[in-house]
Amino acid sequence: MSTTPLRLSVLDQSPVPAGFTPSDALANSLELAQHADHLGYTRLWYSEHHAMDLLACTAPEILIARAAAATQRIRVGSGGIMLPHYSPLKVAEVFRTLHAMFPNRIDLGIGRAPGGGQLEAHALKRDRDAPPKDDFLQQLSELRAFLHPERWELHKDARGPHPYSRIRVAPDAPGAPDIWLLGSSMWSAVTAAQEGLPYAFAHFFSPTHTRQAIEYYQRNFIPQPTTSHSSNLTPQTSSETRTTPEATLAIGVICADTDAEAHHLHASVRLLQRRIRMDDRRPIATPEDALIELRETPTAPNPLIPFTAGSLDAPEDTEWPRYLIGTPGKVALQLRNLATDLNLTELIINTITHSHQARLRSYTLLAKEMELGVTTQVL
């Protein structure tokens with residue numbers, strides 16, 4: 001087990017509280033970015049979701065630019081860009097621009113989930129005249145080569161160099177954004193290990209395979225050789241020069257001054273999980289309204305909606321819960337134990353509450369308890 005202190009980071013989905021607007025949610029995200037920067041969190045990632053009234057983050061690259069400009073030290077990135085929707089060249093151009101503006105502060109988290117329902121996925125398709133094509137690995141390979149041109153050597157065949165190797169992705173600033181592979185299944189763990197990429201597991205979404213995925217990745221990681229294009233970066237700051245595995249996981253957390261208050265705030269998330277199972281994407285309810293609906297509305301599954309892991313409001317038969325809830329001392333102990341069990345040096349915290357002030361305070365209390373070491377004045 002490494003003696004490196006446990007780092008904490010933030011996953012922000014820009015939740016929209018009931019009674020507020022998506023613009024309010026995006027303003028809250030900017031305030032959270034500045035808050036997390038001052039508190040000493042390592043990185044801040046924005047998710048990509050489509051056509052959901054409850055989440056305002058549909059374009060993480062825009063939030064990344066705004067948050068990076070408003071902060072000083074925290075790494076900012078995507079958690080993640082849903083690559084099947086996009087051209088690898090365009091993603092490379094967007095994130096190379098962000099990297100040129102904010103050198104060595106940009107993370108490019110990549111996922112392959114749709115980030116929405118089947119209708120939204122169809123509307124986002126690059127080719128609607130053909131069945132869905134699973135070419136994620138080819139997309140990922142092209143994206144990495146666009147950001148690190150020496151990788152085009154891997155695409156050579158009997159016909160010669162890959163034609164895309166002639167494309168010069170601008171702006172060509174030194175280095176590149178750091179690529180992470182995101183996922184909630186064994187497929188992502190296997191792929192991250194084979195590709196030699198850092199790996200982030202979405203435990204808060206689907207906790208079933210957490211240990212299996214993390215440990216498989218750590219055991220089977222294939223190191224990536226140092227390349228001249230990235231020689232100005234150290235091995236642990238570039239996904240293309242990584243010689244050892246680096247894994248993390250995103251877990252839900254709600255901290256408050258008392259266990260009772262934390263569990264009260266968590267009622268909003270419990271209802272959110274139930275509603276998602278019913279394809280109900282309304283904004284985040286207050287704890288009071290959530291408790292009423294949780295008592296009065298049965299949890300009968302909707303047969304028209306396919307099962308989604310992590311969406312049921314039911315007891316969890318998993319090694320660790322999706323959400324850790326309670327006082328900062330209690331939550332910090334659970335986080336440290338989790339990190340020790342899985343040999344992790346960083347965890348990503350996802351906090352959703354109806355009250356924006358309660359969300360800020362949750363991150364503050366946890367940062368103070370974990371001694372993150374920048375500014376931990378309690379709100």
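This structure is a prediction, so every number in the text was calculated from the model and none was measured.
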Visitor: Please find the pair of heavy atoms, one from Ala36 and one from Arg73, that lie closest to each other, and give the distance.
Guide: O-NH1, 4.0 Å

Visitor: Tell me whether the guanidinium CZ or amine NZ of Arg112 lies under 6.0 angstrom from the six-membered ring centre of Trp187 and within 45° of its axis.
Guide: yes

Visitor: With no hydrogens and no angle check, is any side-chain donor or acceptor of His203 less than 3.5 Å from a backbone partner on Pro321?
Guide: yes

Visitor: Using only heavy-atom distances, determine whether the side chains of Ser165 and His155 contain a donor-acceptor pair under 3.5 Å.
Guide: no

Visitor: Taking Ala247's backbone N and O only, do any of them form a donor-acceptor pair with Gln218's side chain (distance below 3.5 Å, no angle check)?
Guide: no

Visitor: Using side-chain heavy atoms (C-beta onward) and a distance below 4.5 Å, is Ile179 in contact with Leu147?
Guide: yes

Visitor: I need the minimum non-hydrogen distance between Ser47 and Cys57, along with the two atoms involved.
Guide: O-SG, 2.7 Å

Visitor: What closest approach, in Å, do Ser78 and Ile64 show between heavy atoms, and which atom pair accounts for it?
Guide: N-CD1, 3.6 Å

Visitor: Measure from the side-chain N and O atoms of Glu346 to the backbone N and O of Glu246, and report whether any donor-acceptor pair falls under 3.5 Å.
Guide: no

Visitor: Should the pair Tyr164 and His162 be assigned to parallel (<30°), tilted (30 to 60°) or perpendicular (>60°) ring geometry?
Guide: tilted

Visitor: Between Arg282 and Asp53, does any NZ, NE, NH1 or NH2 come within less than 4.0 Å of an OD or OE carboxylate oxygen?
Guide: no

Visitor: Run His50 and Glu48 through side chain to side chain donor-acceptor pair (under 3.5 Å) and show every step you take.
Guide: CA-CA 7 Å; His50 301 285; Glu48 177 184 330; 2.6 Å; yes

Visitor: Drop me the distance from Asn337's CG to Leu342's CG, to the nearest 0.5 angstrom.
Guide: 11.0 Å

Visitor: For a quick test of reading the model, state the closest non-hydrogen atom pair linking Arg242 to Gly196 and the distance between them.
Guide: CB-O, 4.2 Å

Visitor: Give the cluster check for Ile284 versus Val16: same hydrophobic cluster or not, with ILVMFWY residues linked at side-chain heavy-atom distances below 4.5 Å.
Guide: no

Visitor: Passes ring pair (Phe, Tyr, Trp, His ring centres under 6.0 Å), His266 versus Tyr323? Steps please.
Guide: CA-CA 9 Å; His266 184 240; Tyr323 255 80; 5.3 Å; yes

Visitor: Would Asp24 and Thr21 satisfy side chain to side chain donor-acceptor pair (under 3.5 Å), going step by step from the backbone distance to the final call?
Guide: CA-CA 5 Å; Asp24 294 327; Thr21 68; 3.1 Å; yes

Visitor: Assess whether a salt bridge exists between Arg96 and Glu93, defined as any Lys/Arg side-chain N lying under 4.0 Å from an Asp/Glu carboxylate O.
Guide: no

Visitor: In the structure I gave you, are the side-chain heavy atoms of Glu142 and Gln138 within less than 4.5 Å of one another anywhere?
Guide: yes

Visitor: Is there a side-chain contact between Thr210 and Glu319 in this structure, where contact means two heavy atoms from C-beta onward sitting under 4.5 Å apart?
Guide: no

Visitor: Using side-chain heavy atoms (C-beta onward) and a distance below 4.5 Å, is Trp180 in contact with Leu182?
Guide: yes

Visitor: Report yes or no: do Asp12 and Trp45 form a side-chain donor-acceptor pair below 3.5 Å?
Guide: no

Visitor: If every non-hydrogen atom of Ser206 is compared with every non-hydrogen atom of Phe201, which pair is closest and at what distance?
Guide: O-CE2, 3.3 Å

Visitor: Check for a donor-acceptor pair, side chain of Arg144 on one end and backbone N or O of Glu195 on the other, with a separation under 3.5 Å.
Guide: yes

Visitor: In this structure, would Leu6 and Leu44 fall into the same cluster of hydrophobic residues linked by side-chain contacts under 4.5 Å?
Guide: yes

Visitor: Of Val253, Leu324, Ile254, which meets side-chain contact (heavy atoms from CB on, under 4.5 Å) against Ile349?
Guide: Val253

Visitor: Any donor-acceptor pair under 3.5 Å linking the side-chain atoms of Glu288 with those of His264?
Guide: yes

Visitor: To the nearest 0.5 Å, how far apart are CD1 in Ile325 and CG in Asp259?
Guide: 9.5 Å

Visitor: According to side chain to side chain contact (heavy atoms under 4.5 Å, CB included), who are the partners of Glu369, at least two apart in sequence or on a separate chain?
Guide: Pro328, Ala332

Visitor: In plain terms, say whether Arg274 and Glu293 are close enough for a salt bridge, that is, a side-chain N and a carboxylate O under 4.0 Å apart.
Guide: no

Visitor: Establish, from distance only, whether the side-chain atoms of His209 and Gln212 form a donor-acceptor pair under 3.5 Å.
Guide: yes

Visitor: If two hydrophobic side chains count as joined below 4.5 Å and joins carry through other members, does Ile74 share a cluster with Leu98?
Guide: yes

Visitor: Working to the nearest 0.5 Å, report the span between CG of Leu344 and CZ of Arg7.
Guide: 10.0 Å

Visitor: Charged N to carboxylate O under 4.0 angstrom, Arg75 versus Asp37?
Guide: no

Visitor: How far does OG of Ser141 sit from CZ of Phe146, to the nearest 0.5 angstrom?
Guide: 10.0 Å

Visitor: Verify the distance criterion only: is there a donor paired with an acceptor across the side chains of Tyr199 and Ser188 at less than 3.5 Å?
Guide: yes

Visitor: Rounded to the nearest 0.5 Å, what separation is found between the NE2 atom of His99 and the CG atom of Asp107?
Guide: 11.5 Å

Visitor: Does the side chain of Arg105 come under 3.5 Å of the side chain of Thr71 through a donor N or O and an acceptor N or O?
Guide: yes

Visitor: Please check if the side chain of Thr58 supplies one atom and the backbone of His49 the other of a donor-acceptor pair under 3.5 Å.
Guide: no

Visitor: Taking a hydrophobic cluster as the set of Ile, Leu, Val, Met, Phe, Trp and Tyr residues connected by side-chain heavy atoms closer than 4.5 Å, whether directly or through intermediates, do Leu30 and Tyr46 fall within one such cluster?
Guide: no

Visitor: Within a strict 4.5 Å, meaning less than it, do heavy atoms of the Leu143 and Leu108 side chains meet?
Guide: yes

Visitor: Using modelled atom types and a 3.5 Å cut-off, is there a donor and acceptor pairing between side-chain atoms of Ser362 and backbone atoms of Cys255?
Guide: yes

Visitor: Under the criterion side-chain contact (heavy atoms from CB on, under 4.5 Å), which of Asn350, Ile352, Leu249 is the partner of Phe204?
Guide: Asn350

Visitor: Yes or no on side chain to side chain contact (heavy atoms under 4.5 Å, CB included) for Val169 and Leu89, after CA distance, side-chain angles and deciding distance?
Guide: CA-CA 8 Å; Val169 180; Leu89 174 57; 3.8 Å; yes

Visitor: Hey, any chance Leu63 and Tyr86 share a hydrophobic cluster, counting ILVMFWY side chains that come within less than 4.5 Å of each other, even indirectly?
Guide: yes

Visitor: Quick test of your reading of the model: are Arg43 and Asp178 salt-bridged, counting only N-O distances below 4.0 Å?
Guide: no

Visitor: Take atom CZ in Phe20; do more than 12 heavy atoms of anything else shown fall under 6.0 Å from it?
Guide: no

Visitor: When you compare the side chain of Leu335 with that of Leu366, does any pair of heavy atoms fall below 4.5 Å?
Guide: yes

Visitor: Between the side chain of Thr364 and the main-chain N/O of Leu360, is any donor-acceptor distance below 3.5 Å?
Guide: yes

Visitor: State the CZ-OG1 distance between Arg211 and Thr318, to the nearest 0.5 angstrom.
Guide: 12.0 Å

Visitor: Any donor and acceptor pair, going by atom type alone, linking the side chain of His354 with main-chain N or O of Leu265 inside 3.5 Å?
Guide: no

Visitor: Hey, does Glu261 have a side-chain heavy atom less than 4.5 Å from the side chain of Thr258?
Guide: yes

Visitor: Using atom types as modelled and distance alone, determine if a side-chain donor or acceptor of Gln334 lies under 3.5 Å from a backbone N or O of Trp320.
Guide: no

Visitor: Locate the shortest heavy-atom distance separating Ser268 from Thr286; write the atom from each residue and the value.
Guide: OG-C, 3.6 Å

Visitor: Give a yes or no on whether the backbone of Thr327 and the side-chain of Asp257 come within a donor-acceptor separation of less than 3.5 Å.
Guide: no

Visitor: Hey, are the side chains of Leu8 and Leu372 touching, using non-hydrogen atoms and a 4.5 Å cut-off?
Guide: yes

Visitor: Check whether more than 12 heavy atoms from other residues, nucleotides or ligands sit under 6.0 Å from atom CZ of Arg281, and answer yes or no.
Guide: yes

